[in-house]
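On a predicted model such as this, the values are computed, not experimentally measured, just so you know. Numbers restart at 1 for each chain; the letters A, B, ... are given by sequence-line order, proteins then strands.
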Amino acid sequence: MNIQPTQIDAYKLIHDGVLTLARAEQAGMRIDVEYCERKKTHLTRKIARIEANLSKTDLVKQWKKINRQNFNMDSNDQLGKILYDVMEIKPPKTTKSGKGSTDEDTLSQIDLPELKDILRIRKLRKVRDTYLDAFVREQVNGWLHPFFNLHTVRTFRSSSSDPNFQNIPKRDKEAMNICRRAIFPRKGHQLIEVDFSGLEVSIAACYHKDPTMMKYLKDPHSDMHGDMAAQIFCIDDFDKQKHPEHKFLRGATKNSFVFPQFYGDYYANNAQGFCSSWLHLPLGRWKPGTGPDMPGKTKLSDHMISKGIKSYQDFEDHMKKIEKDFWGRRFYVYQKWKDLWVEAYQKKGFFDMYTGFRCSGIMRKNEVINYPVQGAAFHCLLWSFIQLDKILVGRYRSRLIGQIHDAVILDVHPDELEEVAYIIKKVTCRDLPEAWNWICVPLDVDADLCPVDGSWNMKESYKLPGV
DNA sequence: GGAACTCGCCAC
DNA sequence: AAACGTGGCGAGTTCC
């Protein structure tokens with residue numbers, strides 16, 4: 001039996017979802033206000049110290065002289081003028097409106113020690129002003145109740161606000177620790193976070209059914225990112241277990257090539273992203289003995305030069321071929337689906353997601369391809385969230401408190417942990433694909449658990465039971 | 001003094 | 001030929 005969800009089903013999902021998310025909002029989470037205040041003061045002092053040091057440098061002296069009483073170290077407008085007009089540095093990149101960029105990627109390409117301090121200040125301010133400040137502002141008697149909206153996003157995903165619970169630092173360890181240290185479970189409880197692994201890639205596969213991708217998703221020993229890393233860096237004996245260096249290149253490939261390609265990016269951006277964010281290789285000629293480590297005592301540039309890739313331009317040309325192979329051979333069925341999907345939209349003026357949601361209006365090609373995947377992937381999380389709430393409410397002390405697109409955050413009582421973990425696994429990996437049989441790839445979830453009474457930065461990998 | 005804008009940056 | 005999808009939010013800036 002093959003039952004496609006209709007617009008009625010989509011409508012019901014939204015309504016159930018709104019009620020369930022409202023319950024999570026009402027539940028809320030504990031926030032350590034005293035800690036936030038302490039940390040804010042600490043960060044303010046730290047920023048002041050860096051600013052004091054910066055004031056002694058020629059760059060800032062000149063900056064002050066030019067801007068007089070308007071001088072503001074947080075003004076990127078002023079910084080751009082100093083760098084690109086006064087000092088006549090050629091902007092490595094420009095913004096949409098044509099001004100020289102002053103973002104992290106750009107500043108780190110300019111060889112001025114002061115800019116490191118400026119970036120450091122930016123990072124600390126971000127943590128203080130966007131997160132700690134917001135936590136204190138939005139909390140009520142030590143409780144935080146972030147909003148989760150279902151009516152704001154074009155793809156029928158969710159959004160969160162006041163404070164936004166969906167963008168609290170995670171990758172940057174320092175920022176992560178400072179921000180998540182503020183968030184606590186109920187007394188005697190513990191926080192657990194469960195996320196679908198590679199959900200959007202899996203949901204995309206439900207639409208395009210590319211055989212190569214299906215194999216990657218069904219064979220646990222296969223490794224798409226590893227295969228791409230081996231191809232991009234011309235490595236015959238690729239082994240991420242054996243070589244941490246290979247593991248690093250795999251991560252770079254995932255973030256600089258595979259995912260951006262799935263979102264509709266192209267090779268030249270990928271090549272630049274690789275070089276500036278990961279490989280630290282220049283946009284000109286590559287010198288021997290530079291770039292990340294490779295197994296043995298060599299560096300990546302040595303290896304690439306030996307393979308005939310001796311400069312950025314060589315690398316970009318190389319990436320062009322990789323891209324052509326990626327869509328023209330490796331995932332050619334995926335490519336064909338993209339073409340047909342866009343063509344159908346152009347004829348009809350709308351498309352329907354597998355979850356019954358209809359998108360219409362004028363959309364660019366990349367939007368037409370991305371929306372159905374992004375939306376339906378989130379709906380998998382939402383469906384699971386609703387089911388979990390139905391099971392837990394009234395019967396368990398554990399409760400759902402938040403959601404981040406493909407992840408759910410619960411506040412569990414330790415006595416219920418094992419049972420709740422089993423329920424989560426069952427709902428997400430068994431019940432969901434049974435309810436929506438357009439899901440034709442296996443789904444999997446990973447979990448992180450915090451200690452009892454431990455804050456959200458203390459999470460450690462937690463193995464969920466099989467079902 | 002607020003609205004609307006740009007830019008930068010955090011998450012998925 | 002074109003060229004990264006979805007948000008929220010803070011600070012600076014410009015305009016009314």
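- Of the side-chain N and O atoms in A:Y371, one or more sit less than 4.0 angstrom from OP1 or OP2 of C:dT6.
- Counting only Watson-Crick or G-U wobble pairs whose defining distances are both under 3.5 Å, the stems of 3 or more consecutive pairs in DNA chain B are B:1-12 with C:5-16.
- Separating the P atom of B:dC10 from that of C:dA3 is a span of 26 Å, rounded to the nearest Å.
- A straight line from CG of A:D446 to C1' of B:dC12 spans 15 Å, rounded to a whole angstrom.
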Could I get a table of every N or O pair under 3.5 Å where one atom is in the protein and the other is in nucleotides 5-8 of chain B?
from, atom 1, to, atom 2, distance (Å)
B:dC7, OP1, A:T95, OG1, 2.7
B:dC7, OP1, A:S97, OG, 2.2
B:dG8, OP1, A:T102, N, 2.6
B:dG8, OP1, A:T102, OG1, 2.7
B:dG8, OP1, A:D103, N, 3.4
B:dG8, O3', A:R122, NH1, 3.4

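- With respect to the salt-bridge test (charged N to carboxylate O, under 4.0 angstrom), the residues A:E114 and A:R120 do not qualify.
- Side-chain N/O atoms of A:R154 include none lying less than 4.0 angstrom from OP1 or OP2 on C:dG5.
- Between C:dG8 and A:S159, a contact under 4.0 Å exists linking OP1 or OP2 to a side-chain N or O.
- Atom-to-atom, CD of A:Q261 to C1' of C:dA2 comes out at 13 Å; the value is rounded to the nearest Å.
- Between A:R125 atom CZ and C:dG12 atom C1' the separation is 11 Å, expressed in whole Å.
- In this structure, CD1 of A:I404 is placed 12 Å from C1' of B:dC10, rounded to the nearest angstrom.
- Residue contacts shown for A:P169 are limited to sugar-phosphate atoms, with no base heavy atom under 4.0 Å away.
- Cation-pi geometry between A:K338 and A:W327 is met: under 6.0 angstrom from the ring centre, within 45 degrees of the axis.
- When the side-chain nitrogen and oxygen atoms of A:R137 are compared with OP1 and OP2 of C:dG10, one or more of them lie within a distance under 4.0 Å.
- Between A:Y267 and A:E367, the residue anchored closer to the 5' end of DNA chain C is A:Y267, taking for each the nucleotide with the nearest heavy atom.
- Counting any heavy atom pair closer than 4.0 Å across all strands shown, A:S158 reaches no nucleic acid atom.
- Shown are A:V153, A:L150, A:N164; of these, the side chain to side chain contact (heavy atoms under 4.5 Å, CB included) with A:S159 is made only by A:V153.
- Listed nucleotides C:dG8, C:dA11, B:dC10 differ in distance to A:D74; the shortest reach to its side chain belongs to C:dA11.
- Proximity note for A:K170 (side chain, C-beta onward) versus C:dC9, B:dC10, B:dC12: the nearest is B:dC12.
- Heavy atoms only, all atoms of each residue included: A:L21 and A:F148 are closest at CD2-CB, 4.0 Å.
- Atom-to-atom, CZ of A:F165 to C1' of C:dC9 comes out at 17 Å; the value is rounded to the nearest Å.
- The CG-P distance, from A:N370 to B:dC12, rounds to 17 Å in whole Å.
- Salt bridge annotation for A:D352-A:R358: present, with a cationic side-chain nitrogen under 4.0 angstrom from a carboxylate oxygen.
- Between A:T155 and A:D162, the residue anchored closer to the 5' end of DNA chain C is A:T155, taking for each the nucleotide with the nearest heavy atom.
- A:M353 and A:Y207 get closest at one heavy-atom pair: CA-OH, 3.4 Å.
- Rounded to whole angstrom, the span from the CD1 atom of A:I203 across to the C1' atom of B:dC12 amounts to 15 Å.
- Tested against A:H208 for a ring-ring contact (aromatic ring centres under 6.0 Å, His included), the candidates A:Y334, A:Y332, A:Y354, A:W341 yield a single pass: A:Y334.
- In this model, the phosphate group of C:dG12 is approached by a side-chain N or O of A:N72 to a distance below 4.0 Å at OP1 or OP2.
- Note: A:F259 and A:H225 have perpendicular aromatic rings, judged against thresholds of 30 and 60 degrees for the angle between ring planes.
- Nucleic acid contact class of A:I168 (heavy atoms, under 4.0 Å, all strands): sugar-phosphate only.
- For the pair A:R399 and A:D389, the salt-bridge criterion is not met [side-chain N within less than 4.0 Å of a carboxylate O].
- For A:D406 and C:dG7, the CG to C1' distance is 14 Å, given to the nearest whole Å.
- Salt bridge annotation for A:D444-A:K425: present, with a cationic side-chain nitrogen under 4.0 angstrom from a carboxylate oxygen.
- Using the six-membered ring where Trp is involved, A:H379 and A:F156 have ring planes that are tilted, between 30° and 60° apart.
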